[in-house]
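From a predicted model like this one, the values you see are computed outputs, not experimental measurements. We count residues from 1, following the sequence as given.
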Amino acid sequence: MTGSKSGAAPDILCFSALLCPVDDRSLMLEGGSGIAIRLVQREGRVVGGPLDGSLMTEWGLHEIAPGYGEGQGFLAFAHSSGGKAYFRFNWTGRGVVRADGELQPVMFGAWSVHSGSGCLAAIAGAGTVAIGIPSEQERDWQFTGALSL
């Protein structure tokens with residue numbers, strides 16, 4: 001990595017984005033499996049880190065079934081300067097039974113920078129993501145990792 005001392009760990013940062021649906025297409029598989037394939041587009045604003053205030057758009061392909069889910073896709077960031085950044089992501093979700101017996105989804109995964117343009121042309125980084133579900137429609141992305149512009 002450029003800009004870091006030899007052997008020194010990169011600075012770890014946290015940032016987040018609360019995303020709401022823009023488009024969602026689903027295919028329910030027949031045969032009683034309960035599996036749905038979803039193409040989703042969600043948007044929200046980044047809070048914290050060097051992309052603070054950027055509009056983040058998720059473009060994802062998700063497989064959702066009772067007790068588990070998996071997804072992957074791209075995140076597009078539109079910075080106020082006109083620069084753009086693109087991340088790849090993947091996540092895995094599992095149902096965890098709470099003390100009250102209800103099934104709660106727990107979603108976690110990884111992200112990495114794919115490319116950038118304009119003032120974000122030199123962007124680099126990678127890390128982990130935890131995705132919360134504060135409501136039926138919203139997804140709360142909590143990023144941790146190293147990110148440099």
Side-chain angles (χ1 to χ4, degrees), residues 1-27 35-99 102-149:
M1 294 177 98
T2 60
S4 67
K5 298 173 195 155
S6 179
D11 292 333
I12 300 300
L13 59 89
C14 297
F15 58 101
S16 65
L18 183 63
L19 303 184
C20 296
V22 173
D23 196 10
D24 186 334
R25 309 287 173 124
S26 296
L27 168 67
I35 296 173
I37 306 301
R38 297 178 66 188
L39 294 169
V40 300
Q41 179 188 3
R42 297 186 180 106
E43 289 184 344
R45 294 274 172 201
V46 175
V47 176
L51 296 174
D52 186 54
S54 296
L55 177 65
M56 180 179 123
T57 304
E58 171 197 1
W59 299 90
L61 173 61
H62 303 170
E63 178 182 338
I64 309 295
Y68 85 89
E70 296 178 356
Q72 63 181 342
F74 283 87
L75 303 172
F77 297 84
H79 193 265
S80 61
S81 68
K84 300 210 187 242
Y86 303 96
F87 293 11
R88 288 182 186 267
F89 74 87
N90 64 65
W91 61 265
T92 299
R94 296 294 181 262
V96 176
V97 179
R98 298 186 315 214
E102 292 293 316
L103 196 63
Q104 175 181 340
V106 176
M107 298 173 6
F108 54 91
W111 60 269
S112 62
V113 172
H114 183 272
S115 63
S117 68
C119 70
L120 301 176
I123 192 168
T128 60
V129 63
I131 305 169
I133 305 175
S135 73
E136 182 67 30
Q137 299 295 317
E138 298 171 310
R139 298 297 178 267
D140 184 15
W141 291 62
Q142 297 291 320
F143 297 89
T144 303
L147 184 63
S148 65
L149 303 182

Verdict with supporting geometry, T92 and F108, side chain to side chain contact (heavy atoms under 4.5 Å, CB included) | CA-CA 6 Å; T92 299; F108 54 91; 4.3 Å; yes

Quick one: sort the F143 and F15 rings into parallel, tilted or perpendicular, breaks at 30° and 60°.
->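 Plane angle under 30°, so parallel.
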
Check the angle between the aromatic planes of F77 and F87 and answer parallel, tilted or perpendicular using the 30° and 60° thresholds.
-> tilted

So which pairs with a foot in residues 109-131 pass salt bridge (charged side-chain N to carboxylate O under 4.0 Å, His left out), sequence neighbours left out?
->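 Output for this query is empty, none listed.
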
Residue pairs involving residues 68-78 (criterion salt bridge (charged side-chain N to carboxylate O under 4.0 Å, His left out); sequence neighbours excluded) |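 Of all non-adjacent pairs touching residues 68-78, those that pass salt bridge (charged side-chain N to carboxylate O under 4.0 Å, His left out) are E70-R94.
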
Which atom pair, heavy atoms only, marks the closest approach of [X] to [Y]?
{"X": "G71", "Y": "H62", "result": "CA-CD2, 3.7 Å"}
{"X": "A76", "Y": "W59", "result": "CB-NE1, 4.3 Å"}
{"X": "I123", "Y": "S115", "result": "CG2-O, 4.0 Å"}
{"X": "W111", "Y": "G145", "result": "CZ2-CA, 4.0 Å"}

Restricting to pairs with a member in residues 42-53, which pass side-chain hydrogen bond (donor to acceptor under 3.5 Å, both in side chains), not counting sequence neighbours?
-> R42-E58, E43-T57

Under the side chain to side chain contact (heavy atoms under 4.5 Å, CB included) test, residues paired with D23 that sit two or more places apart = R25, Q41

Of all residues at least two apart in sequence or in a different chain, which pass the side chain to side chain contact (heavy atoms under 4.5 Å, CB included) check with I35?
->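 Only L29, S33, I37, E63, A65, Y68 meet the side chain to side chain contact (heavy atoms under 4.5 Å, CB included) criterion with I35.
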
For a 4.5 angstrom cut-off between non-hydrogen side-chain atoms, does [X] reach [Y]?
{"X": "L147", "Y": "P50", "result": "yes"}
{"X": "F89", "Y": "W141", "result": "yes"}
{"X": "L120", "Y": "S81", "result": "no"}

To the nearest 0.5 Å, how far apart are [atom1] in [X] and [atom2] in [Y]?
{"X": "L39", "Y": "L27", "atom1": "CG", "atom2": "CG", "result": "9.0 Å"}
{"X": "T144", "Y": "Q142", "atom1": "OG1", "atom2": "CD", "result": "7.5 Å"}
{"X": "M107", "Y": "D140", "atom1": "CE", "atom2": "CG", "result": "10.0 Å"}
{"X": "R88", "Y": "L75", "atom1": "CZ", "atom2": "CG", "result": "11.5 Å"}

Can you give each donor-acceptor pair under 3.5 Å made by side-chain atoms of residues 125-136, sequence neighbours left out, with the distance rounded to 0.1 Å?
from	atom 1	to	atom 2	distance (Å)
S135	OG	Q137	N	3.4
S135	OG	E138	N	3.1
S135	OG	E138	OE1	3.1

